[in-house]
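For reference, the structure is listed below as structure tokens.
Just so you know, ligand 1 is whichever comes first in the structure, and atom 1 is the first atom listed for that ligand.
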Amino acid sequence: MKIAVLGGGTAGFIAAAHLTHYFPDAALWHIFDSRIPTIGVGEGTTPRFPLWLQEVSGVGPDEIGERCGATVKMGSAYQGWGADNTDFVNRFQPPRLYGYHFDAGRVTDLISDHVRATHIDGKVVSLVTQEKGVLIGFEDGSQLHCDYVLDARGFPKGAWADAPMDPDIIRMDWIPTGRAMVRRLPPSADTSMSRSIARRHGWAFQIPLRDWTSCGYVFNPTLSTDEEVLEDFDAFLESEDTEPTEIRVRVSFPNFMRKTWFDGRIFTIGNAASFVEPLEATAIGATIMQVRTAQRWMTDHGSKSPLSDPAIDHANQTMRSYILRNSLFIAWHYACGSQWDTPFWTLAANSLERAEKHAYLARHMNAMKDFLDAGRDLPGARIGACTDPRRWESDVLPMLTKYIPFGNFSELNFAQVGHGIGYYGANKWSAGDNVHG
Ligand SMILES: Cc1cc2nc3c(=O)[nH]c(=O)nc-3n(C[C@H](O)[C@H](O)[C@H](O)COP(=O)(O)OP(=O)(O)OC[C@H]3O[C@@H](n4cnc5c(N)ncnc54)[C@H](O)[C@@H]3O)c2cc1C
């Protein structure tokens with residue numbers, strides 16, 4: 001089998017290492033243009049990443065810690081969110097699971113040790129799906145024919161709000177953010193959780209790595225200027241009694257999803273396929289899901305993949321459902337606003353009301369209602385405080401009523417966030433009351 005991975009960011013390297021591991025006999029090309037930079041951010045993961053890394057490379061927390069300055073992440077800690085301004089955590093469930101905080105560049109270096117592929121440094125200018133594969137066209141006029149392509153070339157042009165509408169792209173106007181300012185701080189004493197702190201123009205994250213803490217301010221560029229955000233960013237850092245280094249990056253991002261991420265020959269993965277703002281750090285986990293689906297498809301079909309098949313529609317539908325549900329869970333974090341009464345928080349608190357206007361979300365919003373109900377009956381703060389895997393088995397596991405997730409999240413995550421933001425007291429947005437479709 002001949003397979004090409006396009007893109008040398010986190011998603012491209014994950015795909016190339018995964019295929020190296022599962023298809024040692026395939027002819028594998030890893031193609032990216034060294035003149036086009038990677039996005040460079042993406043420093044917190046869900047438990048999917050450590051499990052995947054261990055599987056394909058045998059690398060565990062000690063080695064990634066030593067080589068990449070990574071730390072173990074047990075979940076996210078929230079401050080200033082919701083109706084009551086109480087601190088809360090959304091701990092990974094069960095608590096034996098963990099993610100990592102890491103520097104994206106150092107981790108792609110580590111992953112690259114586990115890639116065996118022919119590397120081409122060049123710009124891909126065309127991809128044409130054919131009955132028997134994909135024709136890749138390069139800037140210099142050369143071509144390469146493969147059975148499959150995994151396309152991880154980063155955000156597509158059509159995802160941006162000012163681009164002409166692309167019928168294959170859903171722009172998620174229910175997510176209220178679109179830009180981040182990112183800086184570096186000295187290392188933190190407690191590295192066990194990512195922090196998300198509500199601020200006047202959005203929210204600030206702190207991702208504690210071994211050698212520094214990455215700190216970002218996520219906001220909506222149509223509501224606040226960069227200058228306003230930097231002013232509040234400084235005020236926030238001053239309130240934390242910490243000084244940033246000189247390193248400062250500004251990253252704009254679209255919240256979007258491709259309706260068709262797989263056409264029978266091309267799998268679009270990573271930021272090229274979808275992105276939902278970094279709250280809850282779901283992007284790398286989604287990439288791993290995509291790469292696993294691709295691997296299973298190639299194993300089942302070999303080079304004789306059809307171009308039209310109900311299973312292709314099913315693969316697209318499953319991924320759409322996963323990403324849309326993650327986006328709704330993330331939007332719900334904003335439902336009770338925050339301690340800040342500003343244009344950002346007014347827009348943010350109405351995120352789910354905006355989502356309700358999209359008929360294609362109705363099914364997912366109705367499904368979410370069951371999870372909201374299940375979370376109401378669970379002791380969110382007690383679940384978040386349970387760190388002992390054995391106590392979890394005896395105290396928390398018996399409380400579970402649903403054994404399926406909503407996107408990446410379970411009723412235990414709903415309980416932690418819902419009680420944390422004061423949703424069950426305020427009951428501001430109630431899915432299913434007026435959702436049709
Ligand atoms: C502010 C912010 C914070 C984030 N935080 C997190 C987080 O905590 N956790 C998380 O999981 N994710 C996070 N993300 C998402 C993160 O960006 C992605 O998880 C991850 O970096 C995947 O990027 P990528 O590999 O898809 O694309 P990119 O990093 O953009 O890489 C694209 C690659 O494609 C190549 N390329 C582009 N065009 C061509 C071409 N025509 N021909 C050849 N090569 C080409 C480029 O050279 C590059 O190598 C965050 C994103 C933002 C914006």
Worksheet item: Is the cationic atom of Arg183 (NZ for Lys, CZ for Arg) positioned less than 6.0 Å from the six-membered ring centroid of Phe233 and within 45 degrees of its normal?
Response: yes
Worksheet item: Can a cation-pi geometry be assigned to Lys402 and Phe371, taking NZ or CZ under 6.0 Å from the six-membered ring centre and within 45° of the ring axis?
Response: yes
Before signing off on this row, confirm whether [X] and ligand 1 have an N or O atom pair separated by under 3.5 Å.
| X | answer |
| --- | --- |
| Thr10 | yes |
| Ile284 | yes |
| Asn271 | yes |
| Ile36 | yes |

Ring-plane angle category for [X] and [Y], please: parallel below 30°, perpendicular beyond 60°, tilted otherwise.
| X | Y | answer |
| --- | --- | --- |
| Phe49 | Trp52 | tilted |
| Phe262 | Phe267 | parallel |
| Phe329 | His333 | perpendicular |
| His30 | Phe32 | perpendicular |

Worksheet item: Which atom names give the shortest non-hydrogen contact between Ser274 and Gln290, and what distance separates them?
Response: OG-NE2, 4.3 Å
Closest protein heavy atom to [atom], given as residue, atom name and distance to 0.1 Å:
| atom | answer |
| --- | --- |
| atom 24 (P) of ligand 1 | Ala11 CB, 3.9 Å |
| atom 44 (N) of ligand 1 | Asp33 N, 3.2 Å |
| atom 4 (C) of ligand 1 | Pro278 CB, 3.6 Å |

Item to complete: Run the numbers for me: atoms of ligand 1, each under 4.0 Å from some heavy atom of Lys123, listed by number.
Response: 41 (N), 42 (N)
Discussion item. With a heavy-atom distance limit of 4.0 Å, tell me whether Phe275 approaches ligand 1 through its side chain, its backbone, both, or neither.
Written reply: side chain
Practice prompt. Give the contacting part of Glu43 toward ligand 1: side chain, backbone, both or neither, where contact means a heavy-atom distance below 4.0 Å.
Written response: backbone
Counting heavy atoms only, which of [options] comes nearest to [atom]?
| atom | options | value |
| --- | --- | --- |
| atom 29 (O) of ligand 1 | Ile39, Val124, Thr46 | Ile39 |
| atom 33 (C) of ligand 1 | Gly8, Gly154, Ser214 | Gly8 |
| atom 9 (N) of ligand 1 | Ala152, Gly42, Gly44 | Gly44 |

Discussion item. For Thr191 and His101, which I'm curious about, is there any donor-acceptor pair between the side chains at under 3.5 Å?
Written reply: no
Worksheet item: Do the side-chain N and O atoms of Tyr334 and Trp203 include a donor-acceptor pair separated by under 3.5 angstrom?
Response: yes
